[in-house]
Amino acid sequence: QVHLEESEGGSVRPGGSLRLSCAASGSPYIESYYMGWFRQVPGEEREGVAAISGNGANTAYADSVKGRFTISRDNAKNIIYLQMNGLTSDDAAMYSCAAGRSAWYPDPLRGSAYTSWGQGTQVTVSS
């Protein structure tokens with residue numbers, strides 16, 4: 001089981017940027033895990049936002065964030081990042097990182113592909 005801890009989120013103005021990070025620990029094989037970022041607003045379904053393969057060669061993004069969000073990872077530090085640009089009120093949510101090993105296909109943005117989850121961090125977008 002991988003332990004995941006997200007950085008503190010924050011509040012930004014519309015159009016602003018924010019970078020989230022997620023520190024992974026608890027396994028000597030972190031690089032074998034693909035990682036994802038998910039978000040959820042109370043009363044709504046969890047949405048897969050971005051995912052990255054273990055070696056970073058493959059990424060996937062929800063249509064709602066393509067061209068604005070970038071997922072990356074530093075396997076030397078066991079940290080996964082989510083760079084978010086052009087934030088809008090629709091991006092405000094609780095963001096969580098997740099780790100998985102066995103079900104990248106067919107869709108790495110589905111929650112069922114992940115077995116370890118962080119506690120989440122709040123992102124607020126407000127003027």
Side-chain angles (χ1 to χ4, degrees):
Q1 195 78 354
V2 177
H3 177 73
L4 303 171
E5 186 168 350
E6 299 92 347
S7 61
E8 186 173 343
S11 180
V12 297
R13 293 187 175 184
S17 297
L18 189 66
R19 188 176 79 163
L20 302 179
S21 62
C22 173
S25 61
S27 170
Y29 310 111
I30 298 295
E31 190 170 340
S32 69
Y33 287 80
Y34 51 85
M35 306 294 293
W37 284 97
F38 292 77
R39 66 186 182 187
Q40 189 166 23
V41 174
E44 297 185 11
E45 289 189 5
R46 182 176 57 198
E47 177 188 19
V49 173
I52 188 166
S53 60
N55 62 6
N58 297 301
T59 58
Y61 295 93
D63 288 343
S64 58
V65 306
K66 278 181 182 176
R68 299 188 298 121
F69 289 14
T70 303
I71 188 171
S72 61
R73 65 191 296 164
D74 183 338
N75 283 337
K77 298 180 179 179
N78 289 340
I79 297 178
I80 299 85
Y81 302 99
L82 184 67
Q83 177 67 43
M84 304 185 292
N85 299 327
L87 287 162
T88 73
S89 58
D90 289 340
D91 297 314
M94 179 72 75
Y95 284 74
S96 300
C97 63
R101 291 184 77 175
S102 60
W104 174 268
Y105 295 104
D107 179 8
L109 297 181
R110 70 194 190 287
S112 60
Y114 296 82
T115 55
S116 298
W117 294 83
Q119 291 295 312
T121 188
Q122 185 67 42
V123 172
T124 302
V125 182
S126 174
S127 57

Item checked: Distance in Å, Arg68 CZ paired with Thr88 OG1, rounded so as to fall on 0.5 Å steps -> 5.5 Å

Notebook entry, point to check: Tyr105 and Phe38: same hydrophobic cluster, using ILVMFWY side-chain contacts below 4.5 Å?
Noted result: yes

Next item on the list: Might you confirm whether atom CD of Glu5 has over 12 heavy atoms from other residues, nucleotides or ligands at distances under 6.0 Å?
Entry: no

Check: Val49 and Leu109: which non-hydrogen atoms are nearest, and at how many Å?
Finding: C-CD2, 4.0 Å

Note to self: Using a 3.5 Å distance criterion without hydrogens, assess whether the side chain of Tyr33 forms a donor-acceptor pair with backbone atoms of Val2.
What the structure shows: no

Margin query: For the backbone of Thr115 and the side chain of Gln1, can you confirm whether one donor and one acceptor N or O come within less than 3.5 Å of each other?
Written below: yes

Check: What pair of heavy atoms forms the shortest contact from Ala103 to Ala113, and how long is it?
Finding: O-CB, 3.4 Å

Notebook entry, point to check: Is there side-chain contact between Arg39 and Ser64, with heavy atoms separated by less than 4.5 Å?
Noted result: yes

Next item on the list: Using a 4.5 Å cut-off on heavy atoms from C-beta on, say whether the side chain of Ile52 contacts that of Trp37.
Entry: no

Note to self: Tell me if a side-chain donor or acceptor on Thr124 pairs with a main-chain N or O of Ser11 at a distance below 3.5 Å.
What the structure shows: no

Next item on the list: Might you point out which heavy atoms bring Thr59 and Ile71 nearest each other, and give the distance in Å?
Entry: CG2-CG2, 3.9 Å

Check: Between the side chain of Tyr114 and the main-chain N/O of Tyr34, is any donor-acceptor distance below 3.5 Å?
Finding: no

Next item on the list: Measure the shortest side-chain to side-chain distance between Arg46 and Ser96 over non-hydrogen atoms and say whether it is less than 4.5 angstrom.
Entry: no

Next item on the list: Search all heavy atoms of Ala62 against all heavy atoms of Gly48 and return the closest pair with its distance.
Entry: CB-O, 3.3 Å

Item checked: Non-hydrogen atoms of Gly86 and Ser17 that approach each other most closely -> N-OG, 4.4 Å

Next item on the list: Assign the ring pair Phe69 / Tyr95 to parallel, tilted or perpendicular, where the plane angle (0 to 90°) is split at 30° and 60°.
Entry: tilted

Notebook entry, point to check: Is the closest side-chain heavy-atom distance between Met84 and Val125 below 4.5 Å?
Noted result: no

Notebook entry, point to check: Just by distance, do the side chain of Glu6 and the backbone of Cys97 share a donor-acceptor pair under 3.5 Å?
Noted result: yes

Next item on the list: Compare all side-chain heavy atoms of Leu4 with those of Met35 and state whether any distance is below 4.5 angstrom.
Entry: yes

Note to self: Has Asn75 got a side-chain atom pairing as donor or acceptor with Ile30's backbone, closer than 3.5 angstrom?
What the structure shows: no

Check: With distance as the sole test, does Arg73 use its side chain to make a donor-acceptor pair with the main-chain N or O of Gly56 at under 3.5 Å?
Finding: no

Margin query: Can you give me the closest heavy-atom contact between Gln40 and Glu44, atom names plus distance?
Written below: NE2-O, 3.0 Å

